[in-house]
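Down below is the structure, laid out as structure tokens.
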2 protein chains.
Amino acid sequence: MQLNQQTDLALRALILLAEEEKNNPPRLLTIREISEFHRISRNHMMKVINTLVENNFIEAKRGQNGGLKLSRPSNEIRVGDVVRALENHWNLVECFSPQRQNCQILPSCQLKHVFHRALSAFLAELDQCTLADIPLKRP
Amino acid sequence: MQLNQQTDLALRALILLAEEEKNNPPRLLTIREISEFHRISRNHMMKVINTLVENNFIEAKRGQNGGLKLSRPSNEIRVGDVVRALENHWNLVECFSPQRQNCQILPSCQLKHVFHRALSAFLAELDQCTLADIPLKRP
DNA sequence: TTAAATGATGCATATAATATGCATCTATGA
DNA sequence: TCATAGATGCATATTATATGCATCATTTAA
């Protein structure tokens, strides 16, 4: 079981942006800065950033002196919501997918309820945590 | 986020074997029967069955009149344990993988603890459920 | 004793999902 | 008006997963 790498990168970018917000005054960070810091291809990070903008976790400003910042205070951005937005599907098992419904015991199978409960428990735990709860430890 | 198909198939096979146990006397089911019932390639189902045997969820008997049965009563086989055995890794995020440790903020990042808690919550929910708790509904 | 039935194993290939890169567009401000 | 920055769409590479094939090992009924 794994999340896709984009979810991982999104959280790393957000953690960086949350750290920047603590500075006085905070700067806008560029995609180039974030991708170089994390040693990730700029193109790849760009996709992730775009998704974060679409979902209103961060605001982007184009042009010279442009860049990115959190669109809300860090304690209002829940890890669970980020994961929900970045994962492109939640088809834990075949019967969760509207496309793939070939399971022969689908109507009478109770298993789907169990997995729904487990998934809820997983996300509920992530919802307990905001960006403000996971500051980078300073040495 | 998804489990691999083998985990799904393993559970479907186990559900069938648990149903068979209710018959008097119960028969041994063959891989061929199970794979044809679920309309899955026999080869593919065989891999799954082998893993279930290795992990002592079921017992296999070779030769004529051979087949498969649960190695324990259905109420002693927890869904969580099956999922643990079938999923080949639990690298939810990069920093969980011993091989891939490229994250620049790894030592000071708190995120891993959050994901550990979420994963525990997910599996704890599955541990609440045994094969006996998910009988096929009879019409 | 042997042949058919059954599971076990290793390797090869196909398919699908994901990651990555490239080219080009749009917006901003010095 | 040009350099800088994000936005978007498409193409390709890589990886993980699913699937198939061939062959071996074990059991037991005939």
Side-chain angles (χ1 to χ4, degrees), chain A residues 1-10 12-13 17 27-36 38-69 71 86-94 97 99-100 102-103, chain B residues 1-10 12-13 17 27-36 38-69 71 86-94 97 99-100 102-103:
Chain A
M1 189 164 97
Q2 68 183 335
L3 301 176
N4 68 38
Q5 191 185 330
Q6 296 204 1
T7 305
D8 198 353
L9 294 185
R12 292 190 212 174
L17 288 164
R27 292 190 303 114
L28 299 183
L29 300 185
T30 66
I31 294 179
R32 183 177 299 276
E33 274 179 293
I34 295 172
S35 61
E36 283 178 357
H38 284 303
R39 301 189 190 173
I40 298 294
S41 124
R42 182 165 162 271
N43 294 288
H44 196 36
M45 183 59 88
M46 206 175 284
K47 302 265 161 70
V48 175
I49 295 292
N50 288 166
T51 307
L52 289 172
V53 172
E54 280 168 22
N55 286 276
N56 200 34
F57 293 112
I58 61 182
E59 283 173 15
K61 190 182 175 195
R62 295 187 190 186
Q64 273 188 345
N65 302 325
L68 309 160
K69 63 167 188 167
S71 58
L86 269 287
E87 285 298 298
N88 26 21
H89 71 83
W90 292 96
N91 303 327
L92 218 51
V93 282
E94 181 185 305
S97 162
Q99 283 81 42
R100 304 175 55 232
N102 302 318
C103 181
Chain B
M1 189 164 96
Q2 68 182 337
L3 300 177
N4 69 37
Q5 191 185 330
Q6 296 205 0
T7 305
D8 198 353
L9 295 184
R12 292 190 210 174
L17 288 164
R27 292 189 303 113
L28 298 182
L29 300 186
T30 66
I31 294 179
R32 184 176 300 276
E33 274 179 292
I34 295 173
S35 60
E36 282 177 0
H38 283 302
R39 301 189 189 173
I40 298 294
S41 126
R42 182 166 162 272
N43 293 288
H44 197 35
M45 184 58 89
M46 204 174 286
K47 301 264 160 73
V48 175
I49 295 293
N50 288 166
T51 307
L52 289 172
V53 172
E54 281 167 23
N55 286 275
N56 200 35
F57 293 112
I58 62 183
E59 281 173 16
K61 190 183 175 193
R62 295 187 189 186
Q64 274 189 344
N65 302 326
L68 309 160
K69 64 167 188 167
S71 57
L86 268 288
E87 286 297 300
N88 25 22
H89 71 82
W90 292 96
N91 304 328
L92 217 52
V93 282
E94 181 186 304
S97 163
Q99 283 80 41
R100 304 172 57 232
N102 301 317
C103 182

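Residue numbering restarts at 1 for every chain, and letters A, B, ... go by the order of the sequence lines. Source: prediction; values computed, not measured.
When the C1' atom of D:dT17 is taken as reference, atom CG of B:Asn91 falls 16 Å away, rounded to whole Å. Separating the CG atom of B:Leu68 from the P atom of D:dT27 is a distance of 14 Å, rounded to the nearest angstrom. To the nearest angstrom, C1' of D:dA16 lies 15 Å from CG of B:Leu3. Between the P atom of C:dT20 and the CG atom of A:Asp8 lies a distance of 12 Å, rounded to the nearest Å. One interatomic measurement links the two molecules: CD of B:Glu33 to C1' of C:dA5, which rounds to 13 Å at whole-angstrom precision. When the P atom of C:dA19 is taken as reference, atom CG of A:Leu86 falls 11 Å away, rounded to whole Å. Straight-line distance from the CE atom of B:Met46 to the C1' atom of D:dA25: 13 Å, rounded to whole Å. Atom CD1 of B:Ile31 is separated from atom C1' of D:dT26 by 13 Å (rounded to the nearest Å).
Contact between the side-chain N/O atoms of B:Lys61 and the OP1/OP2 oxygens of C:dA5 is not found at any separation under 4.0 Å. OP1 or OP2 of C:dT20 has not a single side-chain nitrogen or oxygen of A:Asn43 nearer than 4.0 Å. The side chain of A:Gln64 contributes no N or O atom lying less than 4.0 Å from OP1 or OP2 of D:dA5. Between A:His44 and the phosphate of C:dA19, there is no side-chain N or O to OP1/OP2 separation shorter than 4.0 Å.
A donor-acceptor contact under 3.5 Å is formed by the side chain of A:Lys47 with the base of C:dG21.
Nearer the 5' end of DNA chain C, as judged by each residue's closest nucleotide, is the contact made by A:Ser41, out of A:Ser41 and A:Arg62. For the pair A:Gln2 and A:Asn65, nearest-nucleotide mapping onto DNA chain D gives the more 5' position to A:Asn65.
Of the possible donor and acceptor atoms, none in the side chain of A:Asn55 sits under 3.5 Å from a partner among the backbone N and O of A:Phe57. The closest donor-acceptor contact from the side chain of A:Ser97 to the backbone of A:Asn91 lies at 3.5 Å or more, if one exists at all.
B:Asn4 comes within 4.0 angstrom of sugar-phosphate atoms only, judged by non-hydrogen atoms across all strands, and of no base.
Side-chain proximity of B:His89 to D:dA7, D:dT19, D:dT17: nearest is D:dT17.
The minimum heavy-atom distance between B:Met1 and A:Leu3, with the atom names listed, is SD-CD2, 3.6 Å.
With a 4.5 Å cut-off on side-chain heavy atoms, B:Arg42 and B:Glu36 do not count as touching.
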Residues B:His38, B:Leu9; criterion side chain to side chain contact (heavy atoms under 4.5 Å, CB included); working and verdict: CA-CA 9 Å; B:His38 283 302; B:Leu9 295 184; 5.6 Å; no
